[in-house]
Colleague: 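The structure that follows is given in the form of structure tokens.
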Amino acid sequence: MNFKHKYLFLFPGLLVLIGILIFPVGFTVRLSMSSWDSFFPGLDYVGLENYFRLFQDDSRFWEAFGRLSFLSVTTVTLQYVLGFALALMVWKDIAFKRFFRVLFLIPMMTTPVIMTVIWKTFFHESLGPVNDFLNIFGWNPLWLSSEILSKVTVIIVEVWQWTPFMFLLLLAGLLSLPKEPYLAASIDGAGPYRTFIYVTFPLMAPISIGAIIIRLIEASKIMDTVYVLTSGGPGTATETSSFYIFIKGLREFQFGYSAALSFTYLIIMIISLTIIAKVLVRLMIRE
Amino acid sequence: MKLKLTSIIPLTVALSTASAAYADKWSDMFPHIKNTGDIPGECSYESMSKKDYSGQKLTINTHAVPVMGEPTALHAEQFSKLTGAEVDVIHTPAGDLYSKAMVPFQAGQAPYDIVFGFSNFIRDWMQYLEPVPAKYVEMRQMKDVTQSHIDVASWDGQMIQYPIDGDRHYLKYRKDVIDNPEYQAKYKAETGKELRVPQTWKEYAEIASFFNGWDWDNDGELEYGSAEVMKKDDLMYAAFYSRSVAYSKNPRTPGGFFFDLETMEPLINGPGFVEALTDWVEATKYVPPGGINFGLGDEINSFGGGQTLFSFSWDDAFVAAMEDGSPIKNKVGAAPLPGSDRVWNRVSGAWEETYNQAPYIVWGWAAAVAKKSKNHEMAFDYLCFFANDANHQADIAIGRFGVNPFKKSDFVPEIYVERQGWDEQIAKEYSETLIEMEEKSTNRVFPLRVPGVFQFNSALATGAAKALAGQLSPQEALDEVADQWRKITKRIGADTIREAYAVGVALEDNLK
């Protein structure tokens with residue numbers, strides 16, 4: 001039989017793939033080898049000049065990457081712990097279970113930029129309600145203008161916004177778990193703690209890894225929260241890689257250089273997420 | 001450039017008589033101009049009503065509502081009713097105005113007939129913009145624009161942007177506090193000094209520190225010394241230049257404020273700038289809690305809401321404070337930016353122990369017509385209508401519009417007293433402060449207007465923000481900025497930057 005016509009069916013999908021993935025990446029690579037900026041528009045060819053500049057002369061990018069790594073790992077860890085706890089809470093039969101399930105999802109359904117504006121108003125050091133309340137106790141923390149606290153604020157907003165996503169995935173995982181291991185654990189006399197450690201957690205490991213990786217991918221793109229809350233400040237205390245690339249590309253209009261930053265960042269993320277996934281599998285999945 | 005009374009007198013008379021004759025048919029149709037009625041001119045309501053642009057469409061990219069976005073939309077609606085044109089107004093956040101126009105410019109597209117932006121975009125945008133035709137440049141309403149703002153809108157003598165707004169940084173202060181005899185006595189008793197409008201940045205810091213953190217207006221809330229734009233990348237570089245001009249703009253050393261025009265070596269890490277940044281780091285102690293994260297909106301709300309004694313930057317905070325309904329209406333004063341007791345001489349490499357003051361004619365809102373637009377005449381007519389005398393008088397009274405004085409006839413105190421209910425003395429101080437900066441000073445600093453201007457300003461904002469956050473010392477921060485500026489200059493080309501910078505230096509050195 002001749003199956004050559006199968007390629008005809010693959011062709012539309014292939015076209016879409018080229019259009020939305022391969023062409024943009026290819027164009028970014030080409031752009032990264034040009035000096036396109038506000039004064040020299042166009043795809044001239046400067047070879048790897050932008051990459052040399054990045055690796056030899058741009059410590060700010062690497063500092064931003066270090067900050068991003070810290071913020072991503074911290075927020076995703078907190079989201080995982082909180083999301084798992086909330087999922088466990090509404091997994092069992094409790095009163096108003098459906099109400100809580102919907103309630104916990106609300107932050108994820110709101111628009112990030114709008115919610116960040118609201119959070120910014122909350123945390124405004126001289127006009128916001130959080131400090132109005134804390135002033136009663138004589139505290140006036142600098143949520144947005146202290147180098148350390150501004151990171152904490154970004155983490156709070158990110159955790160609030162995206163813990164529901166983790167909750168949703170983990171709850172779906174919990175609801176799909178087989179009942180037999182729990183019966184066996186119960187017969188063996190295992191209490192809730194042991195059941196969680198030796199049954200629930202291992203059974204949830206595959207979906208946990210998936211959820212963590214998805215959130216890490218998303219968290220590594222953190223931009224809107226930083227943009228609205230702090231503009232990367234104070235100083236560069238909350239400047240992340242994506243915000244830095246945004247500044248270089250769309251504020252300073254250095255298209256060529258920001259393309260080099262973007263492509264390098266993409267490669268770094270692919271490598272680091274692959275390593276993280278492998279480490280998580282080794283740590284969380286027992287043979 | 002001296003203020004020409006011959007040009008002001010007829011205008012003032014026209015505006016005064018217009019204010020008496022406000023109940024005309026145009027103000028009935030368009031309540032926005034109810035205070036003046038239509039004011040005769042080439043782009044007045046009457047004149048525009050005789051144009052017929054039916055079936056034609058004008059697309060405008062402007063800022064988000066309300067600042068500049070609201071008047072753009074309002075005048076678009078009026079223009080449409082008068083001329084029959086279809087006007088599509090697109091609102092864009094401030095940070096995206098540059099790129100939203102630049103991307104299609106570079107791609108050879110013309111999605112917008114008119115683009116709004118900041119006046120310091122001029123060098124990067126000018127190759128894509130249609131110069132303002134002589135017909136409009138010669139109009140009476142253009143003759144009323146101050147020379148400073150003709151210069152801001154022009155490149156090497158050719159007008160590229162249509163003047164719609166005027167900006168400069170000046171000092172705003174709480175007059176009810178500075179002029180209060182009780183506080184004057186208290187200040188004298190505790191510091192041994194006179195309480196007065198600060199003449200230098202050091203005096204500004206002393207007074208701001210004294211009035212920081214206590215309830216000096218008896219409203220039950222704490223008040224603070226100063227509200228300033230300190231948030232990184234939120235126009236803060238302009239605030240830093242305002243603090244730097246007194247220390248670094250030496251009228252005896254022409255040839256560049258930002259760079260040495262001859263060598264194109266950055267001057268940004270010189271002792272004058274370092275002194276200014278050191279002052280600014282000190283200022284973090286007398287701003288409201290979180291003041292280091294204040295953008296322009298926060299500054300306007302903070303000073304306009306009565307939270308601080310001082311503020312300096314664009315007009316908006318002052319106009320907002322003087323609007324009806326403001327808790328501090330007629331309690332604020334305007335004065336030139338503070339000066340300094342010494343100024344750096346980069347030629348001799350030493351401080352000159354003499355008083356120095358320099359106005360900063362900061363960039364402001366600008367609008368221009370795209371070269372590739374197919375509706376040049378309609379587009380210029382719209383801008384001319386936007387800035388006609390009646391619209392302009394109405395616009396400058398509304399703080400949230402972001403339209404500020406730039407016409408000689410704006411600097412007549414009576415218009416603020418009669419139309420906006422300002423205290424006479426405050427109106428006089430305001431007008432004198434502005435006209436002094438605009439027309440009388442010979443030591444002005446203009447904004448940096450060179451290719452890649454955003455790269456330079458962004459590098460400065462990052463360095464200054466690091467110093468304000470305590471990540472680097474002022475000297476280290478500005479050394480880092482100077483290093484970045486050298487690299488940007490090298491990338492774009494020293495000669496290219498020099499050629500553009502020379503245009504601004506000629507204005508600063510009063511050569512043109």
Side-chain angles (χ1 to χ4, degrees), chain A residues 35-42 46 49-50 53 57-60 63 113 120-121 123-128 131-132 134-135 139-150 153 227-239 243-244 246-257, chain B residues 95-96 98-100 102-103 105-108 121 123-125 221-222 224 230-234 236 284 287-295 298 301-302 305 307 450-459 461-472 477 484 487-488 491-493 496-497:
Chain A
S35 64
W36 191 329
D37 68 6
S38 58
F39 196 65
F40 300 110
V46 296
E49 195 178 290
N50 286 325
R53 181 179 158 196
D57 197 25
D58 196 351
S59 57
R60 195 170 149 194
E63 286 164 13
V113 170
K120 187 181 176 184
T121 311
F123 284 121
H124 198 289
E125 285 109 331
S126 52
L127 305 171
N131 276 15
D132 268 357
L134 294 176
N135 275 337
W139 298 331
N140 196 16
L142 299 175
W143 296 105
L144 303 171
S145 44
S146 141
E147 206 169 325
I148 293 169
L149 268 185
S150 57
T153 310
Y227 177 78
V228 177
L229 270 183
T230 61
S231 282
T236 50
T238 55
E239 192 171 271
F243 186 64
Y244 180 65
F246 165 77
I247 289 172
K248 289 290 162 193
L250 290 170
R251 282 277 169 83
E252 299 181 10
F253 226 72
Q254 298 189 55
F255 274 169
Y257 185 58
Chain B
D96 297 331
Y98 178 85
S99 56
K100 201 158 175 185
M102 197 66 168
V103 170
F105 279 161
Q106 292 196 341
F121 295 175
R123 183 59 190 88
D124 280 350
W125 277 12
E221 304 273 340
L222 295 182
Y224 301 91
M230 289 180 159
K231 184 179 175 185
K232 182 165 77 84
D233 285 338
D234 198 347
M236 62 99 80
T284 59
V287 295
I292 191 177
N293 208 31
F294 274 16
D298 300 298
N301 290 336
S302 178
Q307 196 186 22
V450 295
V453 61
F454 272 86
Q455 295 181 44
F456 290 106
N457 287 336
S458 179
T462 304
K466 283 181 179 177
L468 292 181
Q471 293 175 329
L472 294 175
Q484 289 295 317
K487 286 171 183 163
I488 299 165
R491 274 202 303 275
I492 295 176
T496 306
I497 303 281

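Chain naming here is simple, since letters A, B, ... match the order of the sequence lines and numbering starts at 1 in each.
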Colleague: Quick check: closest heavy atoms across B/Thr462 and A/Arg60, and the distance to 0.1 Å?
Modeller: OG1-NH1, 3.1 Å
Colleague: Is it the side chain or the backbone of A/Leu149 that comes within 4.5 Å of chain B heavy atoms, both, or neither?
Modeller: neither
Colleague: When rounded to the nearest 0.5 angstrom, what is the spacing between OG in A/Ser38 and CD in B/Gln106?
Modeller: 7.0 Å
Colleague: At a 4.5 Å cut-off on heavy atoms, which part of B/Thr496 comes close to chain A: side chain, backbone, both, or neither?
Modeller: side chain
Colleague: Tell me which of these, B/Lys100, B/Arg123, B/Lys487, has more heavy-atom pairs under 4.5 Å with chain A than the rest.
Modeller: B/Lys487
Colleague: Can you tell which part of A/Asp37 gets under 4.5 Å to a heavy atom of chain B, answering side chain, backbone, both or neither?
Modeller: both
Colleague: Given a strict heavy-atom distance threshold of 4.5 Å, which part of A/Trp36 is in contact with chain B: side chain, backbone, both, or neither?
Modeller: side chain
Colleague: Given A/Phe253 and B/Phe454, is the ring pair (Phe, Tyr, Trp, His ring centres under 6.0 Å) satisfied, shown in steps?
Modeller: CA-CA 8 Å; A/Phe253 226 72; B/Phe454 272 86; 8.9 Å; no
Colleague: Given the options A/Pro41, A/Ala237, A/Ser146, A/Gly249, which has more heavy-atom pairs under 4.5 Å with chain B than any of the others?
Modeller: A/Pro41
Colleague: One pair to check against side-chain contact (heavy atoms from CB on, under 4.5 Å): B/Arg491 and A/Phe40. What are the steps and the verdict?
Modeller: CA-CA 11 Å; B/Arg491 274 202 303 275; A/Phe40 300 110; over 6 Å; no
Colleague: For B/Gly290 and A/Leu142, which heavy atoms make the closest approach, and how far apart are they?
Modeller: N-CD2, 3.8 Å
Colleague: Atom CG of A/Asp58 and atom CD of B/Gln484: how far apart are they, to the nearest 0.5 Å?
Modeller: 7.5 Å
Colleague: Which atoms form the tightest heavy-atom contact between A/His124 and B/Asp298, and what is the distance?
Modeller: NE2-OD1, 3.4 Å
Colleague: Calculate, to the nearest 0.5 Å, the distance between atoms OG1 and CD1 belonging to A/Thr230 and B/Ile292 respectively.
Modeller: 11.5 Å
Colleague: Please evaluate residues A/Lys248 and B/Gln455 with respect to the criterion side-chain contact (heavy atoms from CB on, under 4.5 Å), reporting the C-alpha separation (whole Å), side-chain torsions for both, the decisive distance (0.1 Å), and the verdict.
Modeller: CA-CA 8 Å; A/Lys248 289 290 162 193; B/Gln455 295 181 44; over 6 Å; no
Colleague: Which residue out of B/Ser99, B/Gly493, B/Ala477 racks up the most heavy-atom pairs below 4.5 Å with chain A?
Modeller: B/Ser99
Colleague: Can you name the nearest heavy-atom pair linking B/Pro288 to A/Ser126, along with the distance?
Modeller: CB-OG, 4.1 Å
Colleague: Please classify the contact between B/Leu468 and chain A as side chain, backbone, both or neither, with a heavy-atom cut-off of under 4.5 Å.
Modeller: neither
Colleague: Among A/Arg251, A/Glu252, A/Gln254, find the residue that satisfies the side-chain hydrogen bond (donor to acceptor under 3.5 Å, both in side chains) test when tested with B/Ser458.
Modeller: A/Glu252
Colleague: When rounded to the nearest 0.5 angstrom, what distance separates NZ in B/Lys232 from OG1 in A/Thr236?
Modeller: 7.0 Å
Colleague: Between A/Glu147 and B/Gln471, is there a donor-acceptor pair closer than 3.5 Å when you use the side chain of the first and the backbone of the second?
Modeller: no
Colleague: For the atom pair CD (A/Glu125) and CG (B/Asn293), what is the distance rounded to the nearest 0.5 Å?
Modeller: 6.5 Å
Colleague: Could you walk me through whether A/Phe255 and B/Val103 pass the side-chain contact (heavy atoms from CB on, under 4.5 Å) test, one step at a time?
Modeller: CA-CA 10 Å; A/Phe255 274 169; B/Val103 170; 4.0 Å; yes
